[in-house]
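Data first, discussion second: the structure below is written as structure tokens.
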There are 2 protein chains.
Amino acid sequence: MTPTDAPKRRTRTRTRADAITIEEVARRANVSVATVSRALRGLPNVAPSTRSRVEQVARDLSYQVDTYASRLATGRSDTVGLAVPNINSWYFAQVAAGVEAVLADAGMDVLLHSVGDGAGRARLLSGQSPVRRRLDGLILIDVLLTATEIRTLAADRVHVVTVGQWTEEFPSVTVDNRAAALAATRHLLDLGHRRIGLIGGSAHTSLPFDVPGHRRQGYVEALLEASLDYHADLEANGGFSVKGGSEAMVHLMSESRPPSAVFALSDEMAMGALQAAGDLGLAVPGDVSIVGFDDHELARVFGLTTVRQDPEWHGATAGRLLLGLGDDPPPEISHVVGDTRLLVRSTTAPPRGH
Amino acid sequence: MTPTDAPKRRTRTRTRADAITIEEVARRANVSVATVSRALRGLPNVAPSTRSRVEQVARDLSYQVDTYASRLATGRSDTVGLAVPNINSWYFAQVAAGVEAVLADAGMDVLLHSVGDGAGRARLLSGQSPVRRRLDGLILIDVLLTATEIRTLAADRVHVVTVGQWTEEFPSVTVDNRAAALAATRHLLDLGHRRIGLIGGSAHTSLPFDVPGHRRQGYVEALLEASLDYHADLEANGGFSVKGGSEAMVHLMSESRPPSAVFALSDEMAMGALQAAGDLGLAVPGDVSIVGFDDHELARVFGLTTVRQDPEWHGATAGRLLLGLGDDPPPEISHVVGDTRLLVRSTTAPPRGH
DNA sequence: CTGTTAGCGCATTCAG
DNA sequence: CTGAATGCGCTAACAG
């Protein structure tokens with residue numbers, strides 16, 4: 001109150017427009033900044049009357065804490081990174097929606113990070129990652145970690161949850177891709193198909209046990225069960241995109257002995273394949289059967305036989321796992337396995353002349 | 001080096017695991033923290049030899065600046081908020097991808113914010129928005145601002161760019177939705193249709209000039225041009241989702257005098273309508289023609305006649321506009337208008353008996 | 001229950 | 001060209 005040491009402010013650069021601070025609130029409420037801090041954060045040891053007065057003043061001034069200052073003082077940032085190969089692919093967008101909903105509810109901020117190209121990935125996971133340093137948590141969607149990266153992250157203070165990769169160190173959300181692909185392929189086999197094509201993922205996979213890898217494994221197993229051999233010429237890379245799926249299909253069907261059925265490792269590729277079949281003048285399932293994976297919201301429109309899974313739930317679950325990691329007795333690392341179910345619709349049928 | 005005042009550290013809570021600081025780098029490089037700061041940020045007035053030595057040490061220790069401390073000192077955060085109604089809808093995911101790519105390239109962080117429900121929206125735009133305070137920029141995708149919100153944001157220090165809304169205050173990226181919808185409807189009219197249904201957006205739109213509003217306006221204008229009246233019973237709300245589009249279609253087609261053609265304001269709704277038509281046993285375009293809007297990647301697979309636009313480009317452009325806003329002589333507010341083009345495919349044809 | 005006092009890690013005048 | 005000092009806004013002991 002007394003203008004004792006009033007002219008203390010020397011505001012140098014005047015970066016922020018105005019931005020009222022905790023000090024301002026304290027002054028107007030006639031309390032110390034410490035009390036304001038306690039009151040506003042709902043900490044104990046604050047007289048009810050004091051608290052409400054502080055809250056009132058804060059509201060009047062529409063005071064908002066500077067998260068950066070807070071972060072600097074506490075060490076927590078309440079923001080988690082969400083890493084996806086890309087955000088404009090159906091599956092990842094669904095997962096992201098699930099994650100965002102849960103985390104936003106918990107008052108966490110979500111930093112979106114596409115790691116499609118190697119650059120983005122490096123920026124996030126390399127030793128000198130400036131972004132990682134500002135995160136309390138990290139959710140990785142199909143961004144596969146190498147052993148080294150796992151070690152680095154585990155040594156770090158950041159909480160991590162993976163979706164699509166199982167590791168010993170971090171909680172995860174996965175589905176049994178092998179079993180699901182096995183079921184999908186068996187369905188084709190049961191129908192009588194003997195030449196079954198595979199439209200798969202990226203060729204340059206560095207890690208053996210990624211999602212497409214597991215699905216492929218299920219496919220091969222089903223073949224073996226039926227005493228069939230795997231033929232490399234029945235496999236094509238569709239890059240998990242509609243366009244890629246379409247091109248892969250054209251490739252497969254223009255071989256000397258084309259398959260009578262095709263298993264695409266994602267619905268988007270399957271729909272691309274559907275398109276290619278149409279362009280090629282092939283009837284589905286008359287000339288060729290097609291199975292997808294995902295149960296994309298448009299799969300039903302196409303009558304696409306596919307493996308259903310629930311990516312939004314995967315994301316929400318991953319978000320919850322991450323939040324749980326903050327509990328005081330740290331929970332044990334849990335690995336959630338989501339459901340999958342074969343949905344037989346109308347793009348599959350027995351092969352011609354069967 | 002000399003242990004003069006060495007035991008100065010009193011590390012209270014030991015929040016961060018270890019996290020080497022600028023001070024550590026300074027010590028090892030035998031310079032002051034000020035010099036390290038200058039050297040690492042490429043500022044002038046640093047001897048080349050000193051700079052390289054500092055850089056070397058920083059690299060060895062894999063030092064990374066603490067963004068929060070930096071932010072507190074400078075006032076800039078290098079992070080921009082990306083607000084979307086939801087992230088798991090095709091259009092928004094595409095825009096987000098475009099935004100993310102451009103901003104990540106520029107070293108900016110992207111904070112994802114879904115404002116689907118009112119809560120998320122309030123959290124971002126209300127007076128006491130803790131998130132807004134930590135942003136240098138804000139990109140709003142179809143998140144329409146009221147006059148009050150515009151004023152608040154303009155008074156703020158944050159740079160904003162809108163996509164899908166034109167305002168005087170902020171740069172924007174839009175398309176001429178009215179003209180595009182006019183063209184789409186004219187196409188149907190030219191084909192001979194006289195009863196044209198509309199599958200539109202959310203019923204509870206508070207603002208008149210939103211995206212669905214403009215498209216609807218183009219539709220009505222086309223009708224008037226052809227001396228036709230607008231009939232409320234020819235309009236149904238599809239909520240911009242596949243499912244909603246499907247339901248809206250069922251609703252429209254089960255009326256006493258169903259339309260012979262339908263214009264859906266998004267491809268996702270159009271595809272839902274396609275599905276419904278199939279369920280209802282209606283042939284497309286035999287019994288009913290359908291036009292969409294977007295040119296969703298699957299539109300071609302369905303042979304869907306639609307209005308093409310390029311959402312990823314919209315996002316990238318918005319990102320670039322935002323980055324430009326940081327230039328010293330602030331650029332004048334630019335309003336970019338993206339292209340649209342009617343793509344006639346196979347879901348439209350003259351009405352029966354025409 | 002409340003105020004005082006140190007920092008959190010970095011950027012930045014202002015002297016040298 | 002470089003270093004010492006100060007403050008960004010807030011939280012966290014530690015005394016009262």
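Only a predicted model underlies this, so the values are computations on that prediction, with no experimental measurement involved. Values reported hereafter were calculated over all heavy atoms of this structure, with side chains retained and with hydrogens, waters and symmetry mates removed.
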For A/E149, all residues meeting salt bridge (charged side-chain N to carboxylate O under 4.0 Å, His left out), sequence neighbours excluded: A/R121
Phosphate OP1/OP2 of D/dC10: any A/Y63 side-chain N/O under 4.0 Å: yes
A/I22 CD1 to C/dT4 C1', straight-line distance once rounded to whole Å: 14 Å
Partners passing ring pair (Phe, Tyr, Trp, His ring centres under 6.0 Å) against A/W313 (at least two apart in sequence or in another chain): none
All side chain to side chain contact (heavy atoms under 4.5 Å, CB included) counterparts of A/D78, not counting sequence neighbours: A/R76, A/M108, A/D136
Rounded distance (Å) that lies between atom P of D/dC10 and atom CG of A/D66: 6 Å
Spacing of A/R71 atom CZ relative to D/dC8 atom C1', expressed in whole Å: 15 Å
Nearest-nucleotide pick for A/T74, side chain only, options being D/dG9, D/dT11, C/dC10: D/dT11
For atom CD of A/E23 and atom P of D/dC8, their distance in whole Å: 8 Å
B/R76 CZ to C/dA11 P, straight-line distance once rounded to whole Å: 9 Å
Length of the line joining B/L61:CG and C/dG9:P, which is rounded to integer Å: 15 Å
Separation of D/dC10 C1' from A/D78 CG (nearest whole Å): 14 Å
Bend angle of the helix from C/dC1-D/dG16 to C/dG16-D/dC1, from helix axes over five pairs at each end, nearest 10°: 30°
Presence of salt bridge, B/R27 and B/E23, under 4.0 angstrom: yes
Residue list, salt bridge (charged side-chain N to carboxylate O under 4.0 Å, His left out) with A/R28, at least two apart or on another chain: A/E24
Audit row: B/V31, B/T50, side chain to side chain contact (heavy atoms under 4.5 Å, CB included) steps and yes/no: CA-CA 8 Å; B/V31 292; B/T50 307; 4.0 Å; yes
Using nucleotides 1-4 of chain D, report all nitrogen or oxygen pairs with the protein that are shorter than 3.5 Å.
from, atom 1, to, atom 2, distance (Å)
D/dT2, OP1, B/T50, OG1, 2.4
D/dT2, OP2, B/A47, N, 2.8
D/dG3, OP2, B/S32, N, 2.9
D/dG3, OP2, B/S32, OG, 3.3
D/dG3, OP2, B/T35, OG1, 2.9
D/dG3, N7, B/R38, NH2, 3.0
D/dG3, O6, B/R38, NH1, 3.2

Residues that A/D142 engages under side chain to side chain contact (heavy atoms under 4.5 Å, CB included), provided they are two or more places apart: A/P85, A/Y91, A/F92, A/V211
Check: residues 34-48 of chain B side-chain donor-acceptor pairs under 3.5 Å, at least two apart:
from, atom 1, to, atom 2, distance (Å)
B/T35, OG1, B/S32, OG, 3.2
B/S37, OG, B/R41, NE, 3.4
B/S37, OG, B/R41, NH2, 3.1
B/R41, NE, B/S37, O, 3.3

Interatomic distance where CG belongs to B/L43 and P belongs to C/dC10 [whole Å]: 15 Å
ring-ring contact (aromatic ring centres under 6.0 Å, His included) partners of residues 136-165 of chain B, not counting sequence neighbours, each pair once: none
Closest nucleotide among D/dA12, C/dA11, C/dG9 to the A/R41 side chain: D/dA12
